[in-house]
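Below is the structure I would like to discuss, written out as C-alpha cells.
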Amino acid sequence: PPNGKRSSTTAFAMPLWHAANNNSLERRHLRILSAEELASGKAPPKWTVIDMASVGLRQLSPPLFRMTFLTAIYLNQNHLVTLPPDIGLLVHLSSLDLAHNKLRSLPPEMGELLRLKELNLYNNDLQTLPREMGRLFQLNTLILTGNPLTEPPNPLSALAHQPERLLALLADQLPEIPPPPERQWLTHPSCSDTHNPHPNRRFTCFNYNILSDKYATRQLYGYCPPWALDWAYRRQRIIHEVLHLVSDIVCLQEVEGGEFYSYFQQEMASSGYQGVFKPKSRARNMPEMERSSVDGCATFYLQDKFVLVKEKVVEFERLATKHASGAADMLNRVMTKDNISLLTVLKHLPSGELILVANVHLQWDPEFRDVKLVQAMLLLNEMQDMMKAQGRDNMAVLITGDFNSLQDSGVFEFLDRGEISRQHDDWSDFKYDGLVKSVGSSHRFGLNPVYTDELPYTNYTLEFRGVIDYLWYSSRHLRPLQVLGPVDKDYMKALPGLPHIHFPSDHISLAAEFEFL
C-alpha cells in the first residue's frame, strides 16, 4: 500500500495490464478499498491479471503461486534466471509474458499449464525446452526469438518459428507413464457376504463409450500425446480393455460402421462373441462410402452364454414424428437429433431366462436437456412394446450406455423413480403435452442403477468430470453381485484428462455381475 500500512482486508493496488491488438496494452488500476467502503458492503474488485513487468525481479515469491485464479501474468523485462516448479500450480493461466529476462531453462511443470494460449519467451537464454511443453495443446502464440535455441546448429532452430510443429515434436518425446493399478471388483452393497449365487444363473455385462475416431481431435484432446490419440493405437487398446474382463454381454457406443465390420466384429468373433450394430439415423440417407464413418451402438454377446432372440433399433427422430401430434417442440427439437438405442432380446442358455438389453446413446448437448428426457421416455415405451411382441408383460432388463445426463437430471429422475415431475427444470418452457398423453410420464420397470457412489466420474476430461454413463437393471428380476471399481484416484490426479496413453477413450468403462432371480 502507498502509505506503508497493511489493511486487514487486502486488495492489490497493482497496475494490471492485458495485451490488446497490435501488441498495445490497455491499462487499468485496482485500489485498496477504504474502511468506509468496506463497511458499506462494497465488494472488492475482481481481478485475474497481474503485471510485474520492469520491476527488477530476480526471483518470484511463493505467495504468487497460491493465486491459482490468475489467467494472465506479465513478468517481462526483469532479471529472472529460473522459474520455480510451482509455476505449474497456476493452472488457469492463459497468457504468460516472460520476455526480456535471463531464463536459462524452464521447469517441466510448464506442462501443467494446459489452458495456456500465449507464451512470450522473447530474448532469454534458453537453449532447449522441456518436452512436457508438448502437452500445451491450446498454445497458439509462442515467441522464441532471441534465444540460443533459435540459432543453428541447435536441433530445435528449424522449428522455432513453427510452434505447432515444435509442440508436436515435444509431445512425441513425452515419456510413457506406467499403467494404472488393476481396477478391483467390489461386492455390491445389496449382496450379502453369505449369499451363494447359482453358477448357472450368473452373467456379466460391460459398457464402454469408445470415443469415435472422428471426435478424437487434437483441438479437444491435445493433452494426449498424438501417437496415443491415433486410432490405430487406440483401437488396439479398446479391444484389449473390452476382452480383458471376458464379459458375457458387451455394449459399446460411438462405434463407426466401417470399424465394426472391418475390425471389432472380427476381433470379437475370434474370442467367441457375436455382435449386432446399428448406426445413427443419418446413415440412412448417406452414400455407402460415407455411411461407414457414421457411429452408432454395438452389442456383443458370448455365444456359449447367450443367443439372440430379437433385435430392434430405436430411432428417436422417427419416433418424434410419430408422437408429435402437431407439437412444434417435438418436430423442431427432438426430430432434429439422430441419436439411437439398440435393443436386443437375449436368451441366457444356462438358465433359459430372457433378458432385454438396451444399448443407449442419448443427445450430448446440455442445451437440449428436454430432448434427452423425451428420448428416455420414448426408449422405455419402445422397450415395453418389444416385451409385448415377445408375449411377455415383463422380463429382466438392462439399460446401459452414455446418457449424457448427471444425477440431478430429468433422465435420471425418470429412470430411477419411475416417473418424472412436470415441474422438473429439464422441461424448461417446452411443450410436450402430446407426448405425455401418448406414452405417459411413468414406467413400471423397477430400475436401479448398479453403481451407487463407487465411481466419482465416468467421463474425465480437462474441462468436465462427472458421471454420465449408467448401467440400470430391473430389481424384480436381477440381483447385482459385483461391480468393477474405480481407477486409482492418485493415479488419475496425475492425468490432465482422458484419453491418455493407457486410456483409449475419454470415458471410463462400466462392468457388473448379475444373478437372475
Side-chain angles (χ1 to χ4, degrees), residues 188-191 205 207 251 312 314 316 319-320 323 330 334 339 341-345 353-363 368-390 392-428 430-455 458 467-480 483 510 512 514-517:
H188 194 271
S190 67
C191 184
C205 180
N207 182 82
C251 295
K312 180 181 181 180
V314 177
F316 296 115
L319 291 174
H323 295 283
M330 284 291 284
V334 183
N339 307 90
S341 177
L342 174 58
L343 305 184
T344 51
V345 175
E353 297 280 0
L354 293 180
I355 184 169
L356 172 55
V357 179
N359 184 349
V360 183
H361 195 185
L362 299 186
Q363 167 60 211
F368 286 82
R369 294 175 300 166
D370 58 308
V371 172
K372 302 177 194 187
L373 177 52
V374 170
Q375 289 176 342
M377 295 169 66
L378 291 171
L379 169 63
L380 267 62
N381 186 65
E382 289 297 300
M383 292 174 63
Q384 191 64 57
D385 288 348
M386 194 171 187
M387 283 186 185
K388 292 177 181 177
Q390 298 300 309
R392 303 285 292 269
D393 290 330
N394 59 74
M395 67 174 70
V397 166
L398 287 179
I399 307 177
T400 187
D402 179 359
F403 293 79
N404 280 306
S405 303
L406 297 169
Q407 293 185 9
D408 63 352
S409 66
V411 170
F412 190 94
E413 178 178 310
F414 176 64
L415 295 175
D416 189 53
R417 299 184 183 178
E419 60 183 356
I420 180 68
S421 168
R422 298 298 297 276
Q423 281 70 50
H424 196 284
D425 290 344
D426 285 4
W427 288 121
S428 190
F430 301 109
K431 305 299 182 184
Y432 293 106
D433 295 339
L435 171 74
V436 173
K437 184 177 180 180
S438 176
V439 305
S441 58
S442 62
H443 67 83
R444 298 181 178 179
F445 285 99
L447 299 172
N448 285 332
V450 71
Y451 283 94
T452 51
D453 57 358
E454 294 88 354
L455 298 183
T458 63
V467 175
I468 59 175
D469 305 81
Y470 302 96
L471 205 173
W472 299 84
Y473 67 97
S474 55
S475 56
R476 292 191 298 270
H477 307 89
L478 298 172
R479 176 188 289 119
V483 295
L510 314 179
F514 296 93
E515 175 189 20
F516 285 105
L517 295 177

| message | For Gly401 versus Phe403, what's the shortest heavy-atom pair and its separation? | response | O-CD1, 3.3 Å

| Distance, nearest 0.5 Å, that separates OG of Ser341 from CD of Glu382 | 9.5 Å

| message | Determine whether a donor-acceptor pair (N or O, by modelled atom type, separation under 3.5 Å) exists between the side chain of Gln375 and the backbone of Phe316. | response |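 The answer is no, because no donor-acceptor pair under 3.5 Å joins these two groups.
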
| said: Just verifying a value: how many Å separate Leu356 CG and Gln390 CD, rounded to the nearest 0.5 Å? | reply: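 Output value for this atom pair is 9.0 Å.
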
| message | So for atom CZ, which belongs to Arg417, do other residues, nucleotides or ligands contribute more than 12 heavy atoms lying within a distance under 6.0 Å? | response |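 Check fails, neighbour count at 12 or below.
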
| Do Asp433 and Arg422 meet the salt-bridge criterion of a basic N to acidic O distance under 4.0 Å? | yes

| Exercise: identify the closest heavy-atom pair between Leu406 and Val467 | CD2-O, 3.5 Å

| request: Let me see the working for Asn339 and Val371 under side chain to side chain contact (heavy atoms under 4.5 Å, CB included), right down to the final yes or no. | output: CA-CA 10 Å; Asn339 307 90; Val371 172; 5.7 Å; no

| Any side-chain heavy atom of Val314 sitting closer than 4.5 Å to one from Leu378? |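 No; the side chains remain at least 4.5 Å from each other.
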
| said: Nearest 0.5 angstrom please: Thr458 OG1 to Ile468 CD1, how far? | reply: 5.0 Å

| request: Side-chain contact test, heavy atoms from C-beta onward, threshold under 4.5 Å: evaluate it for Ser441 versus Val436 and give yes or no. | output: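 Touching, per the 4.5 Å side-chain cut-off.
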
| said: Side chains of Ser438 and Met377, heavy atoms from C-beta outward: is any pair under 4.5 Å? | reply: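 When only atoms from C-beta onward are counted, Met377 and Ser438 do not touch, as no gap falls below 4.5 Å.
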
| said: Counting C-beta onward and ignoring hydrogens, is there a side-chain heavy-atom pair between Leu455 and Leu510 closer than 4.5 Å? | reply: yes

| task | Would you check, one step at a time, whether the test side chain to side chain contact (heavy atoms under 4.5 Å, CB included) holds for Val397 with Met387? | result | CA-CA 10 Å; Val397 166; Met387 283 186 185; 3.2 Å; yes

| field | Point-to-point distance, once rounded to the nearest 0.5 Å, from CE of Met395 to CE of Met386 | value | 8.0 Å

| message | I need the Arg369 CZ to Asp425 CG distance, nearest 0.5 Å. | response | 6.5 Å

| Worked check of side chain to side chain contact (heavy atoms under 4.5 Å, CB included) between Leu398 and Tyr473 | CA-CA 5 Å; Leu398 287 179; Tyr473 67 97; 3.8 Å; yes

| task | Please report the closest heavy-atom contact between Asp393 and Gln384, naming both atoms and the distance. | result | O-NE2, 3.4 Å

| said: Quiz question: by atom type and distance under 3.5 Å, do the side chains of Ser421 and Glu419 form a donor-acceptor pair? | reply: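 Glu419 and Ser421 do not have a side-chain donor-acceptor pair below 3.5 Å.
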
| request: Kindly indicate whether the side chain of Lys372, heavy atoms from C-beta on, has any atom under 4.5 Å from the side chain of Asp426. | output: no

| request: May I ask you to decide if the ring planes of Trp427 and Tyr432 are parallel, tilted or perpendicular, using 30° and 60° as cut-offs? | output: tilted

| Can you find a pair of side-chain heavy atoms, one from Ile355 and one from Phe514, that are under 4.5 Å apart? | no

| Ring centres under 6.0 angstrom apart (Phe412, Tyr470) | yes

| For the residue pair Arg476 and Arg444, what are the closest heavy atoms and their distance? | NH2-O, 2.5 Å

| field | Exam field: side chain Ser475 to backbone Gly446, donor-acceptor pair closer than 3.5 Å | value | yes

| task | Could you tell me which non-hydrogen atom of Leu415 sits nearest to which non-hydrogen atom of Leu447, and how far apart they are? | result |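 Of all heavy-atom pairs spanning Leu415 and Leu447, the closest is O-CB, 3.6 Å.
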
| said: Could you report the tightest heavy-atom contact between Ile420 and Gly410, atom names first, then the distance? | reply: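 Of all heavy-atom pairs spanning Ile420 and Gly410, the closest is CD1-O, 3.7 Å.
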
| task | Taking the side chain as every heavy atom from C-beta outward, state whether Leu379 and Ile399 have any atom pair closer than 4.5 Å. | result | yes

| said: Using 0.5 Å steps for rounding, measure from the SG atom of Cys251 to the CG atom of Asp469. | reply: 12.0 Å

| Between Asn381 and His443, does a side chain to side chain contact (heavy atoms under 4.5 Å, CB included) hold up when you go through it step by step? | CA-CA 8 Å; Asn381 186 65; His443 67 83; over 6 Å; no

| query | Any side-chain heavy atom of His477 within less than 4.5 Å of one from Phe516? | reply |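 No. Closest side-chain heavy atoms not under 4.5 Å.
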
